[in-house]
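Worksheet: one structure, shown below.
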Amino acid sequence: MSDYETVVGLEVHVELKTESKIFCSCPTKFGGAPNAQICEVCAGLPGALPRLNQKVVDYAIRTALALHCEVTRESRFDRKNYFYPDLPKGYQISQLYAPIGRDGFMDIDLSSPDEGSITKRIRIHELHMEDDAGKLTHDEASRKTFIDLSRCGVPLLEIVTEPDFRSAEEVVAFLETLRTMLKFIGVSDCKMQEGSLRADVNLSVRQVGADELGTRTEMKNLSSFRAVSKAISYEADRQWKVISEGGTIERETRRWDEEKEVSLAMRKKEDAAEYKYFPEPDLPMLHITSQKLATARAELPELPQERKNRYVTQMGLPKYDAGLLSAERKIAELFEKTARICGDPKEASNWMMGDFMKLLNDTSTAPEEIEIREESLGEIILMVKEGRISRASAKEVLRSAFAEETVPEEYATAHDLWLIRDEAVLMPVVQQVLDANEKAVNEYRAGKTKNLQFLLGQSMRATKGKADPSVLAMLVTQALQNDMT
Ligand code: ADP
Ligand code: MG
Ligand code: ZN
């Protein structure tokens with residue numbers, strides 16, 4: 001059997017995290033009682049009229065810009081007609097002819113220790129808005145199917161890539177980068193287990209070096225990165241085996257069986273003509289003004305990938321740390337503020353990656369729930385750098401700043417945490433310690449230099465650990481030398 005190449009294109013569905021649905025004002029909240037969040041519009045009662053949620057348009061434009069797409073200024077909706085019990089109105093309102101975004105791309109990082117730094121550009125064919133369908137639950141025992149229409153009308157973005165992937169690793173890297181980016185710009189939670197990020201995998205195989213693409217199948221029901229990865233290698237092997245044995249691949253939709261880890265034929269692939277698409281007559285053209293577009297462009301934050309690169313190249317952080325600190329908007333902004341205040345990105349990164357992340361973990365705090373004053377960590381790091389406070393005390397100050405939003409300066413003063421650096425205060429204490437430890441002092445004088453550590457420790461203890469260690473060391477050494485002369 002000769003070598004083959006796997007070719008994959010993705011259709012990714014993303015649920016937008018708007019409060020209300022795309023064509024009515026029903027809430028989108030996940031996990032409520034079945035059919036509790038429906039009205040005549042999302043349940044598709046005859047005569048009900050859709051009204052477009054502008055927030056959905058804003059999110060779609062933001063996503064289109066983040067994916068470097070061209071935004072369609074005269075966009076519109078189309079009806080995709082089909083019958084299925086989870087869709088009572090008999091059609092999905094989608095965008096076929098004038099999707100909101102076209103011709104974009106996203107770069108993925110495929111670097112590895114073995115092969116060094118590699119990025120690959122995945123082209124985005126288009127991005128469009130549509131409404132989700134309801135959810136069917138099949139109960140084996142009673143042989144009944146239950147219909148929950150609450151998901152009808154939940155806003156979706158469908159992101160369609162060109163067939164640019166050549167391996168499962170590339171697909172997973174793309175989905176991870178996309179998820180981080182969509183969460184960062186605040187349009188979706190991208191929870192795969194709740195179905196707010198769903199990917200359909202279009203896959204074909206061909207002889208290595210062939211120009212033409214092979215016939216593809218489309219796999220649905222992939223609810224984790226692991227499933228995506230498994231499904232790709234299974235389906236590629238299956239197709240190549242069929243071809244090697246002289247067979248042909250059917251253009252069909254297949255279902256991934258998560259338990260058996262096999263893909264199963266589901267139905268012959270419909271083409272666009274079978275959906276009898278036509279322009280949605282109940283919604284007006286969607287005109288995107290240049291003002292709206294300019295505002296969206298101006299408000300688009302620097303994206304996580306770009307931030308990550310900047311943290312590595314300009315701040316000198318390791319890639320791993322840069323990746324973690326740039327993934328969540330709240331964390332990234334806090335890190336940058338901290339680095340600016342303390343003037344030391346590496347130290348800011350150390351504190352964020354260490355003590356700060358530990359606080360988040362220990363208190364199960366999600367990044368968006370962080371309430372610390374944004375200046376606090378930077379101020380604390382400065383205090384340590386300036387020798388005004390010990391590391392141990394700084395951790396205490398941080399805990400309080402995190403839990404109670406206390407101001408570091410005020411907290412340190414109120415709890416008497418400042419280190420003593422005043423020589424006039426420390427010198428008498430040192431003298432007292434040396435007087436009380438005559439034997440050790442004499443031994444030091446006779447050449448037993450390691451007694452310095454002991455005398456330093458005793459002096460530190462005498463100040464209850466509050467002395468600035470460098471000032472104290474200087475005073476003890478000095479005093480010992482004075483004794484010797
Ligand atoms: P349809 O409208 O029938 O779903 P599209 O041309 O829009 O078909 O493609 C859907 C998805 O299939 C896209 O993600 C595209 O990249 C991918 N695709 C198209 N041709 C192939 C192929 N030969 N092999 C793998 N993926 C493909
Ligand atoms: Mg399709
Ligand atoms: Zn509704």
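Each ligand, and each atom within it, is numbered from 1 in the order the structure gives. When a residue number appears, it is its place in the shown sequence, counting from 1.
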(message) Pairs of nitrogen or oxygen atoms closer than 3.5 Å, one from S204 and one from ligand 1: do any exist?
(response) yes

(request) Give a yes/no verdict on a cation-pi contact between K80 and Y277, requiring under 6.0 Å between NZ or CZ and the six-membered ring centre and an angle within 45° of the axis. (result) no

(request) Run down the list H125, R216, R123 and name the one with the heavy atom closest to atom 8 (O) of ligand 1. (result) R216

(request) Ignoring angles and geometry beyond distance, decide whether V160 reaches within less than 3.5 Å of ligand 1 through its nitrogen or oxygen atoms. (result) no

(message) Quick check for you: with the Zn ion (ligand 3) as the vertex, what angle do SG of C39 and SG of C24 span, to 10°?
(response) 110°

(request) Run the numbers for me: atoms of ligand 1, each under 4.0 Å from some heavy atom of G9, listed by number. (result) 14 (O), 16 (O), 17 (C), 26 (N)

(request) Output the list of atoms in ligand 1 that are nearer than 4.0 Å to some heavy atom of E162, sorted by atom number. (result) 16 (O)

(message) Assess whether a salt bridge exists between E369 and K330, defined as any Lys/Arg side-chain N lying under 4.0 Å from an Asp/Glu carboxylate O.
(response) no

(message) If the cut-off is 4.0 Å to any non-hydrogen atom of G214, which atoms of ligand 1 fall inside it?
(response) 23 (N)

(message) Below 2.8 Å, can you find an N, O or S atom of C152 next to the Zn ion (ligand 3)?
(response) no

(message) Any heavy atom of R206 closer to ligand 1 than 4.0 angstrom?
(response) no

(message) Counting only heavy atoms from other residues, nucleotides and ligands, does the tally under 6.0 Å from OH of Y84 exceed 12?
(response) no

(request) Below 4.0 angstrom from a heavy atom of P163, which ligand 1 atoms are there? Numbered from 1 as shown, please. (result) 16 (O), 26 (N), 27 (C)

(message) Quiz question: by atom type and distance under 3.5 Å, do the side chains of D114 and S112 form a donor-acceptor pair?
(response) no

(request) State, to the nearest 10 degrees, the angle whose vertex is the Zn ion (ligand 3) and whose arms point to SG of C26 and SG of C42. (result) 100°

(request) Please report the shortest heavy-atom distance between I331 and P367, naming the atom on each side. (result) CG1-CB, 4.1 Å

(request) Provide the number and element of each atom of ligand 1 under 4.0 Å from a heavy atom of L10. (result) 14 (O)

(message) Looking only at side-chain N and O atoms, does E258 offer a donor or acceptor that is under 3.5 Å from a partner on S223?
(response) yes

(message) Do R79 and Y91 form a cation-pi contact, if we require the NZ or CZ to be under 6.0 Å from the six-membered ring centre and within 45 degrees of the ring's axis?
(response) yes

(request) Could you list the atoms of ligand 1 found under 4.0 angstrom from a heavy atom of R251? (result) 3 (O)

(message) I'd like to know if D109 and K120 make a salt bridge, using a cut-off of under 4.0 Å between side-chain N and carboxylate O.
(response) no

(request) Over 60° means perpendicular and under 30° means parallel, so classify the ring planes of H68 and F105, tilted if in between. (result) parallel

